[in-house]
Amino acid sequence: GINAEYGVLFNILDHFSRRPETQHRVIGTLLGVSQDGFVEIRNSFPVPHTEQENVAVDMDFHRTMFELHHKANPQEVIVGWYSTGAEINENSVLIHDFYSRELNLPPVHLLMGTDLSQNNLSVKAFVNSSSSAFNLDTSPIVSHFLPVQLDLSLLEAERLGLEVLMRQKEKLDGVVPLQTDLSNLESSMTSLLSMIEEVELYINRVLRKEIPENKKIGRLLADTVASLPRFDKKNLEKLLNTSLQDVLMVVYLASLTKAQLALAEKLQASA
């Protein structure tokens, strides 16, 4: 399996947005960890290339950047490469061959579609399967890219950043303040209630035979319910009230500290 962090996707989009106007797509190197057939993509960096007349990849730049990244994160190795675009072409085969010579394992190719067709950002992962026949320069004559399952993982800090960006598009001035602990708690509870209602609606539709049952979803729901700690109603309310009181105390102390700092600043200015 292959897992990629959302930060890698942000790096690719940033690289694509900064490309020259004459360049149709961008490529770069993927860094991560590969163990027992599982690949985790954690980082990436851009690599200059050209596809006008002949395909040329600046492998010296690639090796220099990898050496710098390896000093900061020794556990991360090269696991593949990325490109933007809607499809894999003959140039992709040549670039993939460049990376195959740099790795001991078959490289992973991450393809990101940036045309936003159907208001969707497509991200696909491929591995290469080459024929056993070779031409004179030892390059494979036939090359086939096999799609593989790609899972995306979102860190807590990345999730908060995405929520801020989503709120920003609703503001005309583009300024969005960060949420307080109390507002975060409120939004989390609202989101949780919405998910519970959606699950309840799905279960009721299955029980009424309106939609076919899905055993995979059923097992996931059962595992989720089994993982929850068991509280009776009284203890759960006590736990939530205690947590809420702690949040309110933090908000009160923060406001009091802010008022004291403002008062001290005014006293110092008038002295």
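Values reported hereafter were calculated over all heavy atoms of this structure, with side chains retained and with hydrogens, waters and symmetry mates removed.
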Open item on the list: I'd like to know if the side chain of Asn214 reaches the main chain of Lys216, judged simply by a donor and an acceptor atom lying under 3.5 Å from each other, with no hydrogens or angles considered.
Closed with: yes
TODO: Taking side chain to side chain contact (heavy atoms under 4.5 Å, CB included) as the test, write out the residues that go with Met189, two or more places apart.
DONE: Leu185
Open item on the list: Check whether Arg19 reaches the backbone of Phe16 with its side chain - one donor and one acceptor, N or O, closer than 3.5 Å.
Closed with: yes
Open item on the list: Would the distance check show the side chain of Asn73 and the main-chain N or O of Glu76 forming a donor-acceptor pair, the cut-off being under 3.5 Å?
Closed with: no
- [ ] To the nearest 0.5 angstrom, please state how far the OG atom of Ser153 sits from the CZ atom of Arg42.
- [x] 9.5 Å
Task: Residue pair Glu51 / Gln23, side-chain heavy-atom distance below 4.5 Å - done: no
Task: Minimal non-hydrogen separation, Val26 against His15, with atom names - done: CB-CE1, 3.4 Å
Open item on the list: With a 6.0 Å cut-off (strictly less than), is the heavy-atom count around CZ of Arg18, excluding the residue itself, greater than 12?
Closed with: no
- [ ] Report yes if some heavy atom in the side chain of Val33 is under 4.5 Å from a heavy atom in the side chain of Val39; otherwise report no.
- [x] no
Open item on the list: Is a donor from one side chain sitting under 3.5 angstrom from an acceptor on the other, for His69 and Glu67?
Closed with: no
Open item on the list: Taking Thr190's backbone N and O only, do any of them form a donor-acceptor pair with Ser194's side chain (distance below 3.5 Å, no angle check)?
Closed with: no
Task: Straight-line distance of Leu68 CG to Thr64 OG1, nearest 0.5 Å - done: 7.0 Å
Open item on the list: We want to know whether Ser100 and Asp97 form a side-chain donor-acceptor pair, criterion being a heavy-atom distance below 3.5 angstrom.
Closed with: no
- [ ] Show your working on side chain to side chain contact (heavy atoms under 4.5 Å, CB included) between Leu152 and Asn3 and close with a plain yes or no.
- [x] CA-CA 6 Å; Leu152 300 176; Asn3 182 77; 5.9 Å; no
Open item on the list: Quiz question: by atom type and distance under 3.5 Å, do the side chains of Arg219 and Thr224 form a donor-acceptor pair?
Closed with: no
Open item on the list: Looking at Glu210, I want to see if its CD is surrounded by more than 12 non-hydrogen atoms of other residues, nucleotides or ligands under 6.0 Å.
Closed with: yes
Task: Close side-chain approach of Phe45 and Leu31, heavy atoms under 4.5 Å - done: yes
Open item on the list: Run Val123 and Leu111 through side chain to side chain contact (heavy atoms under 4.5 Å, CB included) and show every step you take.
Closed with: CA-CA 6 Å; Val123 183; Leu111 180 65; over 6 Å; no
- [ ] For the residue pair His109 and Tyr99, confirm or rule out a side-chain donor-acceptor distance under 3.5 Å.
- [x] no
Open item on the list: Do Arg63 and Phe66 form a cation-pi contact, if we require the NZ or CZ to be under 6.0 Å from the six-membered ring centre and within 45 degrees of the ring's axis?
Closed with: no
- [ ] For the pair Thr84 (side chain) and Met112 (backbone), establish whether a donor and an acceptor sit closer than 3.5 Å, ignoring hydrogens and angles.
- [x] no
Task: Check: Glu265 and Leu261 side chains under 4.5 Å, non-hydrogen atoms - done: no
Open item on the list: Are the side chains of Leu201 and Glu197 in contact, using a 4.5 Å heavy-atom criterion?
Closed with: no
Open item on the list: Can you list, by chain and residue number, the hydrophobic cluster partners of Ile217 when the side-chain cut-off is 4.5 Å?
Closed with: Val199, Tyr202, Ile203, Val206, Leu207, Ile211, Leu221
Task: Which residues share a side-chain hydrogen bond (donor to acceptor under 3.5 Å, both in side chains) with Glu213, sequence neighbours left out - done: none
Task: Atom pair CD1/CG of Ile2 and Leu110 - distance to nearest 0.5 Å - done: 8.0 Å
Task: Minimum side-chain heavy-atom gap Gln75-His70 below 4.5 Å - done: no
Task: Distance (rounded to the nearest 0.5 Å) between Ser83 OG and Asn91 CG - done: 10.5 Å
- [ ] Looking only at non-hydrogen atoms, find the nearest pair between Phe126 and Val148 and report the distance.
- [x] N-CG2, 4.1 Å
Open item on the list: Between Phe145 and His96, is the ring centroid distance below 6.0 Å?
Closed with: yes
Open item on the list: Is any side-chain heavy atom of Leu30 closer than 4.5 Å to one of Ile78?
Closed with: no
Task: Over 12 non-hydrogen atoms of neighbours within 6.0 angstrom of OH in Tyr252 - done: no
Open item on the list: For a quick test of reading the model, state the closest non-hydrogen atom pair linking Ile95 to Arg25 and the distance between them.
Closed with: CD1-NH2, 3.7 Å
Task: Phe10 reachable from Val79 in the ILVMFWY side-chain graph, under 4.5 Å edges - done: yes
Task: Side chain proximity check, Thr50 to Asp58, heavy atoms < 4.5 angstrom - done: no
Task: Glu5 side-chain N/O to Gly7 backbone N/O, donor-acceptor pair under 3.5 Å - done: no
Task: For Ser92 against Ile88, the heavy-atom pair lying closest together - done: CB-CG2, 3.5 Å
Open item on the list: Would you say Tyr82 ends up clustered with Leu146 if hydrophobic residues are merged whenever their side chains have heavy atoms under 4.5 Å apart, either directly or through other cluster members?
Closed with: yes
